Each structure stands twice: as structure tokens, then as C-alpha cells.
Amino acid sequence: MTLEQKILFHLSEAVKTIYQSTTETNQFNLQETRKEFEGQITVVTFPITRISKKSPEQTGEDLGNYLKANVDEIISFNVIKGFLNLVISDEYWFQQLKNEYLNPNYGIMPTSGKKVMVEYSSPNTNKPLHLGHIRNNLLGYSVAEILAANGNEVIKTNLVNDRGIHICKSMLAWQKFGNGETPESSGLKGDHLVGKYYVIFDKEYKKQQDELKAKGQSEEEAKKNAALIQEAQQMLQAWEAGDEAVITLWKTMNSWVYAGFEQTYSKLGVDFQKFYYESDTYLLGKDIIDEGLSKGIFFKKPDGSVWIDLTTEGLDEKLVLRADGTSVYITQDLGTAQLKYNDFGMEESIYVVGNEQDYHFKVLFLILEKLGKSWAKGLYHLSYGMVDLPTGKMKSREGTVVDADDLIDEMVATAKQRTEELGKVDGFSEEEKANLYQMIGLGALKYFLLKVEPKKRLLFDPNESIDFQGNTGPFVQYTHARICSVLAKAAFNGNEQFNFPGQLSDTERDLIVMLSQYLQILQNAAKEHSPALVANYVYELSKLYNKFYHEEPILKLEDENLKTFRLALSKSTAAVINKAMALLGILVPERM
RNA sequence: GCCUCCAUAGCUCAGCUGGAUAGAGCAACGGUUUUCUAAACCGUGGGUCACAGGUUCGAAUCCUGUUGGGGGUACCA
């Protein structure tokens, strides 16, 4: 039983005995005591006045006295207006540190037995990844790590969008304008090479449209009649028919893209246990259409198209199969959802996809529920806001994107420059330097993207560099390195014996209290699917440690017991920083 | 039109299921190092929590409406 549970239990007992009431514990509200008051745990007494029929102050006094008499850890209390502040003994916090937070297993939850799938990244194979994809990748990876830390078995999957008209556009442009260019011949990373032709396609296509419009065609006609788009459509048909030449080209260009993606993924430090490819899954879902028709959930229109009526749910009528019998986006997704469940039988399945698809997923989940899929209630769309530039939306076609590889390189270069300015790499080998710059540059980028609540849209100004000071990844990394430095100088290994030093300073106590909150943060982050909670916590923790570091000497202490205690506190803090940052996919250095 | 998300300091963001005087970072200004790493710490200034109602002992938080912005809206994915 945790201290919180103990207090809640006795609170409920107190109300029963003092006020002869049978109120359940969920009526009580425990919170952290604000900094300016004495104590660590606060009970808000306003809600209880309804039962006590006394003033908030008197109620606080009554409950405070009862709790103090019945809970050993509470040594005193004070009542300010409707707030009962409980002062927990320093000895208790000390023991918590020694027994719990210093334990290497602190923050590792027991197995829940639950299986969770996280699908993320899901790139198109016609262009390189950009900043928006980075947000997606980091979110997906981090949420997966958070769920795993909560004891779940997590399967990270990537559903690659490797077919369709957009892919044909790149292929066609390469065929027409590429002169046999390859990644080897051009020195370009494969995904960038393919992306180049995607942009070329769009440029040439626009040119053709303008020519047609000059001849008097309307915008719409020009879009349809341009030779290039018609060729691309023919190519898609040839692909679907299994045309050998087209398939070969498709395979070749995709292999270039995959090689490029692999590099970017590896730099970002994200990984997957299972890849699905739309070229394999795009025909799935038709049996689900039949199932829906036979269950009377779908209906057929005279032209043969299949629909579902969701107007009673406040949505629209939605097409689920074209009149010609071919599938649309949602048809495939219905099929793929079933396939994923058949493959893994997971309780929960999370889709990390931008908020532009909110409606799509709402409909998808609703349909699966209506079809009576038992697993439909475990589906969750982790919707996140777009990353916008000051000039507006990023558009790959028009080349107005912040390229993922460029940005990563830039961040690493900035990290290098800053580190050299500070002159902190004396005695580092070249390899160690390179690792450190990578760690810091990526740390800054990842933290920058993950500290913001997923659903909020993010504005990125390429002209303003990402910070390395203040509420940033490098700040947290620096704090970790700083602790490691102290521990190394003391040759501290964590097994040294130490006793309660008699009392704790305010900052020592605050630090231990904060360490105690890590488990709660971990659970909330999983519940809310929000790495931002972890990021903000680890920042606050680092800030508090730096305060402690400045206020209290460690190595200079002559009192060996106190010194060991402070080293142990430092070590516990470093361990939590390390674990929390790992949940964000950020590595922390021992020196920087 | 309809649906949906967002709006907190000059800028970027926290603010947990409603609780005490709304907090950080950046930017500005001032201070701290004969060194346990100054990528740090301490301090000053900066707010009509978009606006208007409502619920409540209590609202940045919940409800309704208004304004502004993003996204979606049936055979693209």
C-alpha cells in the first residue's frame, strides 16, 4: 500500500468516525502541496464540508488530527483555508529513496500481459521523409516505449504506402526525364532521388496543364487531359495487371527508397518489428464488404457501389466500395485492421496518424464496431497536429518542405559547433566526439518535437534554430552528464552504506518527492498517449537537480554519511533522467 | 453550410480527473565561478488565460454562444 492509499484509507475512516458518514474514498482529492506552504501532500477539504457541516478550516483541523494520530509518516499538519497540508517525515522520504528509487529496477513495471500494437511512420515511397514524418516517427516510437515501460508487450509496425498513382508519378518522371540516373550515378540518397522525380513530374504536369488552358480548356479539363497524368494512370493499370516492365521499375525504385529510409530511421533511432505493404494489402477488405452486406450494415446503390449510412451517428453516408468493385482507402483499412488482428491478436491497436485523418478513423472504428468486431474497442487513433512553416503547409510536390535528413544533419552540425565553442571535448576521441554531437543534436530535435502536446499543431521556423539552452534536450543531457561527473569523481558505485542524516534540506526533500512521482507520470503518459508528460517531468526534475547542485556541496563534504546520501540521491536522479529520456528516444551522455 | 481541433506573457510552451497569489524557457535587464562541468544557478520586468454568459463554496480547466485560426466533408491516400 502506498502512502497515498494509506492516507486515503484513513481519511475515509476519519470521516466515518468523526462525522458518522459512509462516504467512499473517491470523494477525496489528494494533491501535491504548493511550494510556498509547508508539507508534501494536501487534502482539499471543501468537498468534505458538505458531510462535516463545519467550516473548511475546522474540517481540516479534525481530519488533520485524526490522520496525524493514525498515520505514522505524518508528523504534523497545517490548515490554510480549505487546504489541509500534511507534513510527511523526512525519515519516510529517506527510506523511499534508499529502498525504492535507488533500486535499478525503479520505473520498470511488472508485465501486464497486454499486447499493444503501435503503427507509425507509414511513409509513401515516392519522396523522402520530412519534418512532419519526424514528428510522427518520434511520437510513435516514444508512445511504444512508454507502453512497454508500463509492462505491455508492444509491436511496432509500419504500413508502407508503396503503390498508387503517386508512386507512378515518380516512376513515370524518372522514365521520361531520368536518363537512367541511379543513386550510385548521382550520388543522391535513394529516397531523395525518387523524390526529385516526383517534383519533376508535378512541374511538367503543371506545364502541360497551362498549355491546355491556353488552348481554351478549363482548369478541370486540363487536369484530366494532360498527357502525363493519363500516362501515369495507364502505368497504374499496368502495375495492377502485373506488367513485368512496370513491376521491375517499381521494385527498383522502391529498393532505392527503402535504402534511403533505412538510413533515416537508423539516424532517428526508430525501429519496427513488422512491416506491412499496401501492395500486399490493397485488395483486402472485400470480404469484409460482403460480411457487412450480409449483416445488413452496408447497402448497395443501384450503380453497384456499396455504402454505410452513419447519419444516425451524426456522420454522413460513406462509400466503402466503388461501383466498379474496386476498393477505396477505407476498404483497405478495414481489411488491414482485420489482418493485423489475425496476425497478433492484440488488445489495443494504436494508429499514429495526423489529425487530417480524424474523420477517416472515426468512421473506420465505427464501422468495425458495427460489424461486431470484439477488438474494435481497442482501436485508438493517436492524432497529432501538423508541423507548419511560417509560410504555411509543407508540400512535397512543391518542394516546400523541411527535409528530415537535412534537418538532422543541421542539428548535429550545430551541436558540434556549440560544443567546440564551449571547449568541452578535451580528451575525446574522434569517434566519441561524433557520437556526442549526434546525441546532442538529435536530443535537441527530439525534445523540441516531443515536449509539445501531440494534438497541438507545431510551428517550425527554419530561420530560428532550435535551442540548446533552457527547456531543451541538451539541458537535460547536461544535467545527466554533470551527475555522472560527480559520481565518477567520488568513485560511487551505489552499494555504499549510509544512514538517515537526521534531516533533509528543502531541496533534498523536493528532489526525493519528485523522484517518487515518476511512476505516476509513466502511467499517465501511457493513459494519455503523451510523451509530452514525460518530457516536461524530466525537465522539471533536471531543473530541481541543478538547484540542488548549486545549493548543496557533495564532494567537499567531510561528513561521509551525508556525502554518500547525496551521491545516492544524485545517482537515483541520473537513473530516472536516463530512463525517462530513453522513453523519448533520447540518449544521455556521461560527459558533455 | 455541416463536423472537428485549437486560442494562456513579445515569442515557444506547461498547467493532472475544477482548488490556494496562473508557471517555465527564449528574448530584455541585473547578479553568481581563486570551479563537485556557467549548455548551470539566483533575481527584475512582462498576463483582461480570445470574448460574453452560465454551473459551482471555488473556473484557464466544465456547459452554451460569439470571434479568430487549422483540418475534414462521400468513389484521393
Side-chain angles (χ1 to χ4, degrees), chain A residues 26 29 31-34 36-37 42 44-47 49-50 56 80-83 85 122 124 161 163-166 278 282 303 305-308 310 314-324 326-333 354-360 362-363 383 385-386 388 393 415 418-419 421-422 424 440 444 448 451-453 455-459 461 464 467-472 474-479 481-490 520-521 524 527-528 532-533 535-536 539-540 542-543 546-547 549-557 563 566-567 570 591-592:
Chain A
N26 60 20
N29 180 4
Q31 55 188 260
E32 218 184 313
T33 304
R34 290 181 66 125
E36 56 267 44
F37 304 104
T42 293
V44 183
T45 61
F46 290 107
T49 56
R50 233 168 271 157
I80 294 158
K81 290 193 266 182
F83 301 92
N85 301 320
S122 307
N124 294 330
N161 188 338
R163 66 162 287 281
I165 190 76
H166 48 292
E278 267 191 34
Y282 82 105
D303 67 359
S305 58
V306 181
W307 297 71
I308 183 166
L310 298 171
L315 304 174
D316 303 309
E317 278 190 4
K318 177 92 183 165
L319 175 92
V320 292
L321 194 72
R322 289 194 188 101
D324 64 8
T326 59
S327 32
V328 289
Y329 181 34
I330 201 152
T331 324
Q332 300 176 38
D333 263 8
N355 64 10
E356 59 201 349
Q357 296 197 32
D358 285 357
Y359 185 75
H360 171 76
K362 213 164 154 181
V363 171
S383 164
M386 296 288 105
D388 290 332
K393 244 187 127 169
R418 285 211 45 103
T419 308
E421 277 167 14
L422 292 167
K424 296 232 179 179
I440 298 174
F448 174 80
K451 76 170 175 181
V452 181
E453 206 50 48
K455 73 176 168 191
K456 293 209 176 175
R457 61 191 273 257
L458 207 70
L459 201 75
D461 188 345
E464 266 178 52
D467 277 327
F468 283 69
Q469 284 170 350
N471 188 353
T472 66
F475 171 88
V476 180
Q477 290 173 320
Y478 173 73
T479 309
R482 198 175 221 190
I483 297 173
C484 288
S485 168
V486 175
L487 295 176
K489 283 197 173 146
Q520 191 60 53
I521 294 289
N524 283 351
K527 208 177 81 194
E528 309 284 332
L533 294 176
N536 287 308
Y539 168 65
E540 293 295 332
S542 300
K543 210 161 57 131
N546 280 316
K547 183 180 153 92
Y549 181 90
H550 276 268
E551 278 176 2
E552 318 280 6
I554 302 171
L555 297 179
K556 288 179 229 164
L557 288 171
K563 183 168 158 183
R566 285 187 180 163
L567 286 167
S570 299
R591 279 183 63 192
M592 74 180 269

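The figures that follow rest on heavy atoms only: side chains count, while hydrogens, waters and symmetry mates do not. Within every chain, numbering begins at 1; the chains are lettered A, B, ... in the order of the sequence lines, protein sequences first and strands thereafter. All values reported here derive from a predicted model rather than from experimental measurement.
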Asks: What contact category does A:Thr419 fall into here, base, sugar-phosphate, or nothing, at under 4.0 angstrom with non-hydrogen atoms?
Replies: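 It contacts base atoms.
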
Asks: Checking all strands, does A:Val44 fall into the base, sugar-phosphate, or nothing category for heavy-atom contacts under 4.0 angstrom?
Replies: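 Base, at least one base atom sits under 4.0 Å.
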
Asks: What pair of heavy atoms forms the shortest contact from A:Gln477 to A:Ile440, and how long is it?
Replies: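 Here A:Gln477 and A:Ile440 meet closest at OE1-CA, 3.5 Å.
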
Asks: Which sits closer to the 5' end of RNA chain B, A:Glu540 or A:Arg322, going by the nucleotide each is nearest to?
Replies: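 Comparing both residues, the 5'-ward one is A:Glu540.
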
Asks: If you check every side-chain atom of A:Glu453, which of B:A14, B:A20, B:A74 has the closest atom?
Replies: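 Of the options given, the side chain of A:Glu453 lies nearest B:A14.
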
Asks: Using a heavy-atom cut-off of 4.0 Å across all strands, would you classify A:Met592 as base, sugar-phosphate, or nothing?
Replies: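 Base: the residue A:Met592, judged by heavy atoms under 4.0 Å, touches a nucleobase.
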
Asks: Between A:His360 and A:Ile483, which is nearer to the 5' end of RNA chain B once each is assigned its nearest nucleotide?
Replies: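 Counting from the 5' end, the first nearest nucleotide belongs to A:Ile483.
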
Asks: Nearest to the side chain of A:Asp358, heavy atoms from C-beta on, is which of B:C13, B:A40, B:U4?
Replies: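 Out of B:C13, B:A40, B:U4, the nucleotide with an atom closest to A:Asp358's side chain is B:U4.
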
Asks: A:Tyr549 side chain: which of B:A14, B:C75, B:C36 is closest?
Replies: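 Looking only at side-chain atoms, A:Tyr549 lies closest to B:C36.
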
Asks: So what does A:Asp303 touch, heavy atoms closer than 4.0 Å: a base, only the sugar-phosphate, or nothing?
Replies: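 It contacts base atoms.
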
Asks: With a non-hydrogen cut-off below 4.0 angstrom, is A:Phe475 in contact with a base, only sugar-phosphate, or nothing?
Replies: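 If one applies the 4.0 Å heavy-atom cut-off, A:Phe475 turns out to touch the sugar-phosphate alone, with no base involved.
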
Asks: In terms of relative ring orientation, are A:His360 and A:Tyr329 parallel, tilted or perpendicular, with 30° and 60° separating the classes?
Replies: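 Parallel: the ring planes of A:His360 and A:Tyr329 meet at under 30°.
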
Asks: Side-chain donor or acceptor of A:Asn85 under 3.5 Å from a matching atom on the base of B:A20?
Replies: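 Answer is yes: a donor-acceptor pair is held.
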
Asks: Would a 4.5 Å heavy-atom cut-off, applied to side chains only, mark A:Arg322 and A:Val328 as touching?
Replies: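 Heavy-atom side-chain distance check passes, below 4.5 Å.
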
Asks: With sugar-phosphate meaning primed atoms plus P, OP1 and OP2, does A:Asp461 contact a base, only sugar-phosphate, or nothing at under 4.0 Å between heavy atoms?
Replies: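 It contacts nothing in the nucleic acid.
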
Asks: Need the pair for B:G30. Rule: Watson-Crick or G-U wobble, both distances under 3.5 Å, any strand; none if unpaired.
Replies: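 Answer to the pairing question: B:C42, which forms a Watson-Crick or G-U pair with B:G30.
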
Asks: On a heavy-atom basis, which atom in A:Leu321 and which in A:Ser327 lie closest, and how many Å separate them?
Replies: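 The answer is CD1-CA, 4.0 Å.
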
Asks: Kindly say if A:Ser485 contacts the phosphate of B:C36, meaning a side-chain N or O under 4.0 Å from OP1 or OP2.
Replies: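 It does not, given that no N or O in the side chain of A:Ser485 lies less than 4.0 Å from OP1 or OP2 of B:C36.
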
Asks: Can a side chain N or O of A:Lys456 be found less than 4.0 Å away from OP1 or OP2 on B:C13?
Replies: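 Answer is no, no contact under 4.0 Å.
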
Asks: So if I take every side-chain heavy atom of A:Gln31 and compare against B:G72, B:A77, B:A20, which nucleotide ends up nearest?
Replies: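 Shortest atom-to-atom distance from the side chain points to B:A20.
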
Asks: Ring centres within less than 5.5 Å and planes less than 30° apart: is that true of A:Phe37 and B:A20 in this structure?
Replies: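 Yes, A:Phe37 stacks on the base of B:A20, since the ring centres sit under 5.5 Å apart and the planes are within 30°.
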
Asks: So if I take every side-chain heavy atom of A:Thr42 and compare against B:A20, B:A39, B:A7, which nucleotide ends up nearest?
Replies: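 The answer is B:A20.
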
Asks: B:U37 phosphate, OP1 or OP2: any side-chain N/O from A:Lys489 under 4.0 angstrom?
Replies: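 So the side chain of A:Lys489 is within the cut-off, an N or O lying under 4.0 Å from OP1 or OP2 of B:U37.
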
Asks: Less than 4.0 angstrom between a side-chain N/O of A:Tyr539 and OP1 or OP2 of B:A14, yes or no?
Replies: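 A:Tyr539 to B:A14 OP1/OP2: no side-chain N or O under 4.0 Å.
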
Asks: Base, sugar-phosphate, or nothing: which does A:Leu458 touch, judged by heavy atoms less than 4.0 Å apart?
Replies: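 It contacts sugar-phosphate atoms only.
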
Asks: Contact class for A:Lys543 vs. all strands (heavy atom < 4.0 Å): base, sugar-phosphate, or nothing?
Replies: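 A:Lys543: backbone/sugar contact only, no base atoms under 4.0 Å.
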
Asks: Taking the side chain of A:Asp316 as its heavy atoms from C-beta onward, which of B:A39, B:U73, B:U4 lies nearest to it?
Replies: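 That would be B:U73.
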
Asks: Suppose you measure atom P in B:A40 against the same atom in B:C26; what distance do you get, rounded to whole Å?
Replies: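 Between the two P atoms, the distance is 7 Å.
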
Asks: Locate the shortest heavy-atom distance separating A:Gly470 from A:Phe475; write the atom from each residue and the value.
Replies: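 Closest approach of A:Gly470 to A:Phe475, heavy atoms only: O-CB, 3.0 Å.
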
Asks: For B:U35, which nucleotide in any strand shown is its Watson-Crick or wobble partner with both distances under 3.5 Å?
Replies: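 B:U35 is unpaired by these criteria.
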
Asks: OP1 or OP2 of B:C41 less than 4.0 angstrom from a side-chain nitrogen or oxygen of A:Lys547, does that happen here?
Replies: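 For A:Lys547, the contact criterion (side-chain N or O under 4.0 Å from OP1 or OP2 of B:C41) is not met.
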
Asks: Side chain of A:Val452: nearest nucleotide among B:A39, B:C13, B:A77?
Replies: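 Selected nucleotide: B:C13.
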
Asks: Taking the side chain of A:Leu459 as heavy atoms from C-beta outward, which of B:G19, B:U12, B:A39 is closest to it?
Replies: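 Ranking B:G19, B:U12, B:A39 by closest atom to the A:Leu459 side chain puts B:U12 first.
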
Asks: Using whole Å, what does the distance between atom P of nucleotide B:U37 and atom CZ of A:Phe468 come to?
Replies: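 Atom-to-atom, A:Phe468 to B:U37, this comes out as 22 Å.
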
Asks: When the C1' atoms of B:G65 and B:C42 are considered, how many whole Å apart are they?
Replies: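 Pairwise C1' distance, B:G65 against B:C42, rounds to 47 Å.
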
Asks: Rounding to an integer number of angstrom, what distance separates B:U61 and B:G69 when you compare their P atoms?
Replies: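 After rounding to an integer number of Å, I get 23 Å for this pair.
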
Asks: Taking the same atom, P, in B:A22 and in B:C49, what whole-Å distance lies between them?
Replies: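 To the nearest whole Å, 10 Å.
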
Asks: Ring of A:Phe46 versus six-membered ring of B:G58: centres under 5.5 Å and planes under 30°?
Replies: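 Not stacked: fails the 5.5 Å / 30° test.
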
Asks: So what does A:Ala481 hit on the nucleic acid, given a heavy-atom distance under 4.0 Å: a base, only sugar-phosphate, or nothing?
Replies: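 Counting heavy atoms under 4.0 Å across all strands, the contact made by A:Ala481 includes a base.
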
Asks: Under 3.5 Å for both donor-acceptor distances, Watson-Crick or wobble: does B:A7 have a partner, and if so which one?
Replies: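 B:A7 is paired, partner B:U67.
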
Asks: Is B:U61 paired to anything, Watson-Crick or G-U wobble with both distances less than 3.5 Å, and if yes, which nucleotide?
Replies: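 Pair assignment: B:U61 / none.
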
Asks: Of the nucleotides B:C36, B:G70, B:A38, which one has an atom closest to the side chain of A:Arg457?
Replies: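 It is B:G70.
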
Asks: Which atom pair, heavy atoms only, marks the closest approach of A:Ile483 to A:Ser570?
Replies: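 Looks like CG2-O, 3.3 Å.
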
Asks: Tell me the interatomic distance from A:Lys556, atom NZ, to B:U37, atom C1', rounded to whole angstroms.
Replies: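 Going from A:Lys556 (NZ) to B:U37 (C1'), I get 13 Å.
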
Asks: Would you measure the distance from the C1' atom in B:C13 across to the matching atom in B:G58 and give it in whole Å?
Replies: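 My reading of the C1' atoms in B:C13 and B:G58 gives 27 Å.
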
Asks: Side-chain donor-acceptor pair under 3.5 Å between A:Asn546 and A:Arg482, yes or no?
Replies: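 On atom types as modelled, these side chains qualify, holding a pair under 3.5 Å.
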
Asks: Would you mind reading off the distance between A:Asn471 atom CG and B:C26 atom P, rounded to a whole angstrom?
Replies: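 Taking CG of A:Asn471 and P of B:C26, I get 9 Å after rounding.
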
Asks: Quick one: A:Arg418 CZ to B:A40 P, roughly how many Å, whole number?
Replies: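 Roughly 8 Å, once rounded to whole Å.
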
Asks: Under 4.0 Å between any heavy atoms, over every strand shown, what does A:Glu421 touch: base, sugar-phosphate, or nothing? Just pick one.
Replies: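 Nothing, no heavy atom under 4.0 Å.
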
Asks: Answer with base, sugar-phosphate or nothing: what part of the nucleic acid does A:Thr472 contact at a heavy-atom distance below 4.0 Å?
Replies: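 A:Thr472: no heavy atom of the nucleic acid under 4.0 Å.
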
Asks: Could you pull out the closest heavy-atom pair between A:Arg163 and A:Gln332, with the gap in Å?
Replies: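 Shortest heavy-atom contact: NH1-NE2, 4.1 Å.
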
Asks: OP1 or OP2 of B:G58 versus the side-chain N and O atoms of A:Lys81: is any pair under 4.0 Å?
Replies: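 No.
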
Asks: A:Gln469 has an atom CD; how far is it from atom P of B:C13, in whole Å?
Replies: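 Taking atom P of B:C13 as the reference, CD of A:Gln469 is at 19 Å.
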
Asks: Is there side-chain contact between A:Asn161 and A:His166, with heavy atoms separated by less than 4.5 Å?
Replies: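 A side-chain contact exists here, since the closest heavy-atom pair is under 4.5 Å.
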
Asks: In whole Å, what is the span from the CG atom of A:Leu321 to the P atom of B:A74?
Replies: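 These atoms are roughly 18 Å apart.
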
Asks: Are OP1 or OP2 of B:G72 and a side-chain N or O of A:Tyr359 less than 4.0 angstrom apart?
Replies: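 No, because none of the side-chain N or O atoms of A:Tyr359 sits under 4.0 Å from OP1 or OP2 of B:G72.
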
Asks: Once you round it to whole Å, what is the distance between P of B:G23 and CZ of A:Arg34?
Replies: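 Rounding to the nearest Å, CZ of A:Arg34 and P of B:G23 are 6 Å apart.
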
Asks: Report the distance from atom CD1 of A:Ile80 to atom P of B:G19, rounded to the nearest whole Å.
Replies: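 Taking atom P of B:G19 as the reference, CD1 of A:Ile80 is at 18 Å.
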
Asks: Distance check, C1' atoms only: B:G18 and B:A60, in whole angstrom units.
Replies: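 These two C1' atoms come out 10 Å apart once rounded.
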
Asks: Provide the distance between the two C1' atoms, one in B:A28 and one in B:C16, to the nearest whole Å.
Replies: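 Each nucleotide's C1' atom is 33 Å from the other's.
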
Asks: Using every non-hydrogen atom in the two residues, find where A:Gln469 and A:Thr472 come nearest and quote the distance to one decimal.
Replies: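 Taking every non-hydrogen atom into account, O-CG2, 3.0 Å.
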
Asks: NA contact type, A:Glu278, heavy-atom cut-off 4.0 Å: base, sugar-phosphate, or nothing?
Replies: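 A:Glu278: backbone/sugar contact only, no base atoms under 4.0 Å.
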
Asks: Need the pair for B:C2. Rule: Watson-Crick or G-U wobble, both distances under 3.5 Å, any strand; none if unpaired.
Replies: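 B:G72 is the nucleotide pairing with B:C2.
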
